[in-house]
Amino acid sequence: KDGLISNFIEEILQDREGNLWFAAGHSYYRQDRKWVCRFDGERFENFSTEEGVPDAFVNSMLEDKNGDLWFATEKGLCRFDGREFETLSTEDGLPTDNIVSLLEDQEGNLWIGTYGGGLCCFDGREFKTFTVEDGLPTNIATLLLEDDGGNLWFSTGHEWTGGKGL
């Protein structure tokens, strides 16, 4: 009733300006099609496909070193630069539009875990994709982490799809 888009929240992120961002879970059932919400400490602002958020299912959110917000959705990778939303998809070089996880590494590269398309690295210009053909145990990358030594760790698969581990 205060303006939050849903009682089912999948992800929460606090940006460098102190805003709280919420991604609604189970938004598939929402009639108003509001997927993402920003709370500035006083009011809620909701965003939908009309503003450029491509899909109800926001699996992950990340703020990069430049202050851009990234949203992993089942219909592509969405970037918000503070003014407008832009969606990157298979037409832009992603192997699939089903994005599940995000990580920015120490070099500023964006790592993108997908469901079925492997793992991608985006340097701001182009995507480089790694799949089972490159040695991954599966083409599903659900969790991403960079440790203090700069090593990348990722979880592959889900238990119900025959997860392969790290």
Side-chain angles (χ1 to χ4, degrees), residues 1-89 94 96-117 119-122 124 140-148 150-161 163 166:
K1 79 179 185 187
D2 293 325
L4 186 62
I5 49 179
S6 175
N7 288 332
F8 299 102
I9 301 297
E10 287 289 326
E11 289 285 319
I12 300 173
L13 171 87
Q14 184 172 25
D15 67 24
R16 65 181 63 185
E17 296 176 3
N19 297 307
L20 295 177
W21 291 81
F22 302 91
H26 306 287
S27 294
Y28 177 78
Y29 304 106
R30 294 186 52 79
Q31 296 299 317
D32 62 7
R33 300 298 201 219
K34 301 291 186 186
W35 318 131
V36 175
C37 179
R38 175 176 56 198
F39 181 64
D40 64 6
E42 295 180 15
R43 67 180 191 93
F44 291 94
E45 184 176 5
N46 298 309
F47 302 96
S48 68
T49 50
E50 291 176 7
E51 290 82 22
V53 180
D55 188 40
F57 294 102
V58 176
N59 297 308
S60 182
M61 297 186 292
L62 175 138
E63 182 178 22
D64 68 18
K65 293 176 183 175
N66 297 322
D68 290 343
L69 295 175
W70 295 87
F71 303 91
T73 80
E74 294 182 4
K75 291 188 179 176
L77 178 63
C78 183
R79 176 175 49 202
F80 181 66
D81 64 5
R83 294 178 307 281
E84 61 185 4
F85 291 90
E86 172 192 19
T87 300
L88 303 173
S89 67
L94 283 167
T96 179
D97 289 334
N98 196 346
I99 311 301
V100 294
S101 55
L102 300 170
L103 168 78
E104 184 179 28
D105 68 19
Q106 296 170 12
E107 303 293 319
N109 297 306
L110 183 64
W111 288 87
I112 303 151
T114 74
Y115 191 87
L119 182 66
C120 293
C121 181
F122 182 58
I140 300 170
T142 55
L143 300 170
L144 307 173
L145 174 89
E146 182 178 22
D147 66 22
D148 292 339
N151 300 300
L152 295 176
W153 296 82
F154 52 94
S155 169
T156 57
H158 289 286
E159 184 177 335
W160 64 88
T161 60
L166 294 174

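Atom set for the values below is all heavy atoms of this structure, side chains included, hydrogens, waters and symmetry mates excluded. None of these values were measured; they are calculated from a predicted model.
- Looking only at side-chain heavy atoms (C-beta outward), L88 and W70 come within less than 4.5 Å of each other.
- F47 has its ring centre less than 6.0 Å from the ring centre of F85.
- Nearest heavy-atom pair across L144 and W111 is CD1-O, 3.5 Å.
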W21/I12 under side chain to side chain contact (heavy atoms under 4.5 Å, CB included): CA gap, chis, key distance, verdict: CA-CA 6 Å; W21 291 81; I12 300 173; over 6 Å; no

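- Every residue two or more places apart in sequence or in another chain was checked for a side-chain hydrogen bond (donor to acceptor under 3.5 Å, both in side chains) with E11, and none qualifies.
- Here the CG-CH2 distance, from L145 to W153, works out to 9.0 Å after rounding to the nearest 0.5 Å.
- With rounding to the nearest 0.5 angstrom, the OG atom of S89 is 13.0 Å from the CG atom of N98.
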Check step by step if side chain to side chain contact (heavy atoms under 4.5 Å, CB included) holds for I112 and F122. CA-CA 8 Å; I112 303 151; F122 182 58; 4.0 Å; yes

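- For the residue pair D64 and R16, the shortest heavy atom distance occurs at O-NH2, 2.8 Å.
- Using a distance-only test at 3.5 Å, with no hydrogens or angles considered, a donor-acceptor pair links the side chain of D40 to the main chain of E42.
- Interatomic distance, L143 CG to S155 OG, rounded to the nearest 0.5 Å: 4.5 Å.
- Note that the CG atom of D97 and the OH atom of Y115 stand 15.5 Å from one another [nearest 0.5 Å].
- With hydrogens and angles ignored, the 3.5 Å screen pairs a side-chain donor or acceptor of T73 with a backbone N or O of G76.
- The two atoms that bring C78 and G52 nearest to each other are SG-O, 3.9 Å, heavy atoms only.
- Applying the salt bridge (charged side-chain N to carboxylate O under 4.0 Å, His left out) test to every pair with at least one member in residues 70-83, sequence neighbours left out, gives these pairs: R79-E86, D81-R83.
- Looking at every heavy atom in both residues, A72 comes nearest to S101 through CB-N, 4.2 Å.
- With hydrogens and angles disregarded, no donor-acceptor distance shorter than 3.5 Å links the side chain of D68 to the backbone of E63.
- Taken to the nearest 0.5 Å, the OG1 atom of T142 stands 10.0 Å off from the CZ atom of F154.
- A salt bridge does not link K65 to E104: none of the charged nitrogens lies less than 4.0 Å from a carboxylate oxygen.
- Atom CG of L103 and atom CG of L152 lie 6.5 Å apart (nearest 0.5 Å).
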*Worked check of ring pair (Phe, Tyr, Trp, His ring centres under 6.0 Å) between F39 and F22*: CA-CA 8 Å; F39 181 64; F22 302 91; 7.3 Å; no

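- Residues satisfying the side-chain contact (heavy atoms from CB on, under 4.5 Å) criterion with E107, sequence neighbours excluded, are D105, N109.
- For the 3.5 Å distance criterion, the side chains of T114 and T96 fail to qualify, holding no donor opposite an acceptor.
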Going through the distances and angles, do L13 and L62 end up as a side chain to side chain contact (heavy atoms under 4.5 Å, CB included)? CA-CA 7 Å; L13 171 87; L62 175 138; 5.9 Å; no

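- Annotation for A141 and V100: closest pair O-CG2, 3.1 Å, computed over non-hydrogen atoms.
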